[in-house]
Amino acid sequence: MEYQFRELEKKWQDHWKKNKTYQVPNVSDKPKFYVLDMFPYPSGAGLHVGHPLGYIASDIFSRYKRLKGFNVLHPMGYDAFGLPAEQYAIEHGVHPAVSTAQNIDNFRKQLDNIGFCYDWEREVRTCEPGYYKWTQWIFLQLFNSFFDRDQQKASSINNLIASFEKNGTAVVGTRAGVEAFTAEEWKAKSHKEQQEVLMNYRLAFCGYGEVNWCEALGTVLANDEVVNGVSERGGHPVVKKKLRQWYLRITEYADRLLKGLDEIEFSEAMKEMQTNWIGKSYGAEIDFNIQSEKATDRKLRVYTTRPDTIFGVDFMVIAPELDYIDSITSTEQAAAVADYLAFVKSRSERERMAEKKISGVFTGAYAINPFNGKQIPIWISEYVLAGYGTGAIMAVPCGDERDFKFAKHFNIPITNIIGDAFNGEEANPTKDAKLENSDFLTGMVMRDAIDVAVKKIEDLGIGTRKVNFKMRDAAFSRQRYWGEPFPITWKDGVAAPLTEAELPLLLPDVESYSPGPEGEGPLANIPEWVSRELETNTMPGYAGSSWYFLRYMDPHNNEAFCDRKVSDYWGQVDLYIGGTEHAVGHLLYSRMWTKALYDLGHIGFDEPFRKLVNQGMIQGSSRFVYRIQNTNKFVSKGLKDQYETNALHVDVNIVDGLELDTEAFKKWKSDYADAEFILEDGKYICGAEVEKMSKSKYNTVNPDMLVDKYGADTFRMYEMFLGPVEISKPWDTKGIEGVHRFLKKFWRLFYDELKGKMWNEETPTAEELKVLHKAIKKIEEDTERFSFNTAVSAFMICVNELADLKCHKKAVLEQLIVLMTPYAPHISEELWSLIGNQGSVLDASYPKYEEKYTIESSKEYPISVNGKMRTTLNLPVDISAAEVEKIVLANEVVLKWTEGKPPKKIIFVPGKMVNVVI
RNA sequence: GCGCAUGUGGCGUAAUUGGUAGCCGCGCCAGACUUAGGAUCUGGUGGAGCGAUCCGUGGGGGUUCGAGUCCCUCCAUGCGCACCA
């Protein structure tokens, strides 16, 4: 009986489906465990071998936990709204709902091939009304709440209104854009005025933001669609345009998002990325009087983290966007300033940030240093960003590298306030130097002077201590079609939420997917939509993905996004697996949504993911052929330098290692049907390079092909065998044979092709039990710490050893099957049933490691002389140090190396080693 | 530029707290069975040397009885962030 993987895998996949083996109840006596994969965007290209890496890891862990007696929630779904489907619709006229559904069907088939244990009854698709009804509902929760800074939590907007009616802004305080008012003043405001005030508090709010507007395409472009000030597609001019946009007030959660990191198991690198993104800094805002030829009582407000360097300020730099530039620019400089502003306006934010060349212009105005009356020139430069701090900085060239370069470039004299610590060649950003030329700060160490300076600034009333965040509020609208409609109507410029009963607000069909007038989305082209005064923007991709892990718990609930009892049972995601590319986007947004839902009492936990494991990226290993210019001749790599050639990507699937299958190449594309080859040693050798796996580079490897050739179990184990899950590495199909051979060898412990049934009911020997229990221990430990590659290796060792012992005993093999189940579920089910068990092996219990089988009475000790290993000695484990000394010193190898010299010291570490020092 | 991570045979990798470097697999070499093998099985395989032995975890230095592992420094690669004041 052979290992017929195709038949048995199909048989068991059908069996699992028919018996609903993977259906998980919401009520159970077992402890719960929630394993989640980042759900995929169902792209038209389908799965490549990089996608399932994390899915396999989570599948193994889910099955492992199930065998360990947990009720395991392990669902899958689709992040189904998104731009590619809309772009496809524009180009091919296919409704995004149709192409998305097709892509999902394709994904599902590919996933099913690999034999995952998802509970498909719980599948979610973010684009379905039953799902996005609740995305809209949560949006309304955010719209109808504000962040209570005293309580540090979200609270109903009605509480805010009540507070305004009673106390004005006295209790909750003002916000940017809100002037303080009394209760009476609040009551005197019109409805519209009141709503405008409330908008400055809502967690989901409407404001104005700049977007990349391309007039020719009539649409808004993403940063990376803009290159050199023109659109990537078509090369049309792009300008910045202010558009009404929705935002989420995530900045209010900045501190809690930071603090929450202490309670969750994310990698340090991941936590650091989030911390940097949030970018909390401590400093001060300082007001400077402005001296300009135009009369102004405006102050220049700067934000600095280094108020201790106030006497080293040689110039000020303000962002080109600041609205008061006109009011301070001198007549002489007006033309230069206007030119510079026009130059900056033509540049995308990304270009400005990437720019290394120094540029800027003097305004002709000065700020006055409040401590010494010094005139400080005010410059404009694109390296200062309007969105951060106050959009203005005080420049200290001796302490800041950018300021230093700017000063050098424009010949601005540099004041040294740190004496020898500044060498005039480069800035020194130290905090440990002693201040000089700094009036009341002179002689102080900078680190200590920061606080002294801030106190003085506050005492003089010219500034305040200030905590700043780099993070900005999250833009939450897109001028697109294929996304969730906002449940908002606009009446007289006031946003009014729909009622819960009106949800879901269905995404209507459109005639055309092209943009509406004035940069609005396609929904603005629908007369009925516009006449209902509905919002024409849609929500961005991350709306649906910010809370999907909650919907899996209770996916068919029509009364709530998730029943509170159910979310109390399942709680946090215990293990979340996905790529690092979502480090700051998705993972921050879903953390914020979770906190808001928690604050409003809808769920009982405020961090969504207890533990995160990042899977590494599987890169592609591209292959190249070299075509001789203007011919259809291809020259092998070793000979290519003799010709003028162009390197062309060739499909990796028709290359064996580096050797091209020339016949397959001719068939690959009609252009190459009559290709000729210049071979070396009778072979055509390709070039190779590691790149991102992508269809356009012809370096994708489709899992379906490998599953078909070797089976799902081999594929699963091979992906794990490649190396640690979190490491990125290029895909190489070469080694898969080894894993396949291993499974065949495993099978042969039970059945031999010629001899038939091999397994028997004999009693295992001590040696056999030792092999088994060694494996149990290693595999259990490795699985627990997500070291799946070493676990696969342990399986191989175990099977090799059992084969060497000719052990075919059911008592041993039966336990090995259970151990294998998470990794190779199909073959395990088959063998489990063949050796006479009823039911699924998943309902078996995990083997229990028993130390008594693996205890050794002696150990092979390495014996070193002066730290170099010279020999080994087999010694009893309970030997005493004195005995070891005696035996070792009498050993002839040791005697040879000590050359008769007396040992200075003998180090004996029981269970480890012996070292003789002479 | 800043931050983080990683450098081990021809290749993917292993070595969990500092204690026998190279487990497991690929590839390669030899052999068995075969009309044949890109099937299967057995043995070998870090480098140099006939050998005893020596050299070896990116380079250099250090701590230690002992370093792939810890510290310093330099180099290389990958990833992330990017004029963040």
Side-chain angles (χ1 to χ4, degrees), chain A residues 267-273 275-277 279-281 283 302-306 309 317 350 352-358 381-385 387-396 399-403 405-406 429 468-472 580-581 583-584 614 616-617 619 656-657 690 717-718 721-724 726-739 741-742 744-745 748 753-754 778 781-782 785 787 789-797 800 803 860-872 896 903-909 911-918:
Chain A
S267 70
E268 286 309 309
M270 182 67 47
K271 288 183 179 181
E272 205 164 311
M273 267 186 249
T275 304
N276 291 342
W277 184 268
K280 186 173 187 174
S281 68
V302 304
Y303 173 71
T304 179
T305 54
R306 296 299 299 274
T309 61
V317 188
R350 184 161 294 191
R352 273 179 62 182
M353 290 194 235
E355 186 57 79
K356 291 208 161 36
K357 259 187 281 166
I358 295 157
S381 177
E382 61 176 354
Y383 83 85
V384 171
L385 302 178
Y388 185 74
T390 61
I393 63 162
M394 55 179 228
V396 182
D400 183 282
E401 196 53 38
R402 286 180 320 265
D403 296 348
K405 284 187 177 141
F406 194 90
N468 231 334
F469 293 97
K470 188 168 114 185
M471 182 167 69
R472 296 177 220 168
T580 44
E581 64 270 28
V584 286
N614 290 116
M617 201 196 301
Q619 293 145 316
D656 180 16
V690 173
M717 289 194 103
Y718 182 57
F721 189 59
L722 276 177
E726 50 295 41
I727 300 292
S728 292
K729 52 206 162 281
W731 177 264
D732 180 11
T733 305
K734 276 270 169 191
I736 198 168
E737 302 266 358
V739 174
R741 276 201 278 268
F742 155 72
K744 285 199 272 191
K745 193 166 184 180
R748 279 199 303 273
E753 202 175 329
L754 301 171
K778 173 78 176 152
E781 282 173 3
D782 286 354
R785 65 190 176 102
S787 180
N789 55 325
T790 52
V792 174
S793 159
F795 278 119
M796 290 175 171
I797 292 168
N800 286 346
E860 192 83 358
Y861 275 91
I863 313 297
S864 301
V865 177
N866 279 347
K868 270 196 194 300
M869 211 278 285
R870 294 303 180 186
T871 186
T872 57
K896 179 185 160 198
K904 276 192 200 136
K905 205 179 343 177
I906 293 174
I907 291 152
F908 170 57
V909 183
K912 294 279 189 194
M913 45 64 71
V914 180
N915 188 11
V916 180
V917 185
I918 55 165

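Residue numbering restarts at 1 for every chain, and letters A, B, ... go by the order of the sequence lines. Computed from a predicted model, the values in this text were never measured in an experiment.
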Taken to the nearest whole Å, NZ/A/Lys280 to P/B/A85 is 14 Å

Any donor and acceptor pair, going by atom type alone, linking the side chain of A/Asp400 with main-chain N or O of A/Asp403 inside 3.5 Å?
-> yes

Watson-Crick or G-U counterpart of B/G18, or none if no pair lies under 3.5 Å = none

Rounded to whole Å, CG of A/Leu722 lies from P of B/A14 at a distance of 11 Å

Is there a Watson-Crick or G-U wobble partner for B/C54 with both distances under 3.5 Å, and which nucleotide is it?
-> B/G47

Most 5' of A/Arg870 and A/Gly389 on RNA chain B, judged by nearest nucleotide | A/Arg870

Atom OH of A/Tyr383 and atom C1' of B/G1: how far apart are they, to the nearest Å?
-> 14 Å

Side chain of A/Lys868 only, please: which of B/C41, B/G80, B/C55 is the nearest?
-> B/C55

Starting from P on B/A85, measure out to CZ on A/Arg306 and report it in whole angstrom.
-> 11 Å

N/O (side chain, A/Arg741) to phosphate O (OP1/OP2, B/G25) under 4.0 Å = no

Identify whether any heavy atom of A/Lys729 sits under 4.0 Å from a base atom; if not, whether one sits that close to sugar-phosphate; answer base, sugar-phosphate or nothing.
-> sugar-phosphate

Between B/C65 atom C1' and A/Lys905 atom NZ, what is the distance in whole Å?
-> 5 Å

Rounded to whole Å, CG of A/Asn276 lies from C1' of B/A82 at a distance of 10 Å

Contact class for A/Asn800 vs. all strands (heavy atom < 4.0 Å): base, sugar-phosphate, or nothing?
-> sugar-phosphate

C1' atom, B/U8 versus B/U63: distance in rounded Å?
-> 22 Å

Side chain A/Lys905, main chain A/Asn915, donor-acceptor under 3.5 Å | no

Can you figure out which of B/A85, B/C65, B/G25 approaches the side chain of A/Thr304 most closely?
-> B/A85

With the side chain of A/Val384 defined as its heavy atoms from C-beta on, choose the nearest nucleotide among B/G12, B/G25, B/A85.
-> B/A85

Any donor-acceptor pair under 3.5 Å linking the side chain of A/Tyr303 with the backbone of A/Gly391?
-> no

Could you tell me whether the side chains of A/Asn468 and A/Ser281 share a donor-acceptor contact shorter than 3.5 Å?
-> no

Protein-nucleic acid N or O pairs under 3.5 Å, nucleotides 15-20 of chain B:
from: B/U16; atom 1: O4; to: A/Glu781; atom 2: OE1; distance (Å): 3.3
from: B/U20; atom 1: O4; to: A/Glu860; atom 2: O; distance (Å): 3.4

Quote, to the nearest angstrom, the C1' distance that separates B/G51 from B/U6.
-> 40 Å

Test side-chain hydrogen bond (donor to acceptor under 3.5 Å, both in side chains) on A/Ser787 and A/Thr790 and set out the steps.
-> CA-CA 6 Å; A/Ser787 180; A/Thr790 52; 2.5 Å; yes

Provide the Watson-Crick or G-U wobble partner of B/C4, both distances under 3.5 Å; none if there is no partner.
-> B/G78

Give A/Lys904 one of three labels, base, sugar-phosphate or nothing, depending on what nucleic acid heavy atoms sit under 4.0 Å from its own.
-> nothing

With a 3.5 angstrom cut-off on both distances, give the Watson-Crick or G-U wobble partner of B/U40, or none if there isn't one.
-> B/A32

Watson-Crick or G-U wobble partner of B/U63, both distances under 3.5 Å = none

Side chain of A/Lys896 (C-beta onward), nearest among B/G12, B/A52, B/U40 = B/A52

A/Tyr718 and A/Trp731 aromatic centres sub-6.0 Å = yes

Is there a donor-acceptor contact under 3.5 Å from the side chain of A/Ser864 to the main chain of A/Asn866?
-> no

Is any side-chain N or O of A/Arg748 closer than 4.0 Å to OP1 or OP2 of B/C41?
-> yes

Decide if atom NZ of A/Lys271 counts as having more than 12 heavy atoms of other residues, nucleotides or ligands within a radius under 6.0 Å.
-> yes

Expressed in whole Å, how much space separates the P atoms belonging to B/G59 and B/G7?
-> 13 Å

Give one of base, sugar-phosphate or nothing for A/Asn789, where a contact means two heavy atoms less than 4.0 Å apart.
-> sugar-phosphate

Atom C1', compared across B/G46 and B/G9: separation rounded to whole Å = 5 Å

Ranking B/C65, B/A82, B/G25 by distance to the side chain of A/Trp277, first place goes to B/A82

Separation of B/C24 P from A/Ile797 CD1 (nearest whole Å) | 6 Å

To the nearest Å, how far apart are A/Glu726 CD and B/A5 P?
-> 14 Å

Separation of the P atoms in B/G25 and B/U45, to the nearest angstrom | 14 Å

Under 3.5 Å, is there a donor-acceptor pair linking the side chains of A/Asn800 and A/Lys745?
-> yes

Mind telling me whether B/G51 is syn or anti, cutoff 90° either side of 0?
-> anti

Do A/Tyr861 and A/Lys912 touch side chain to side chain, with heavy atoms closer than 4.5 Å?
-> no

Ranking B/C24, B/C65, B/A85 by distance to the side chain of A/Val917, first place goes to B/C65

In the strands shown, is B/C24 matched to any nucleotide by a Watson-Crick or G-U wobble pair with both distances under 3.5 Å, and which?
-> B/G12

With P as the reference atom in both, quote the distance from B/C26 to B/C79 in angstrom, rounded to an integer.
-> 30 Å

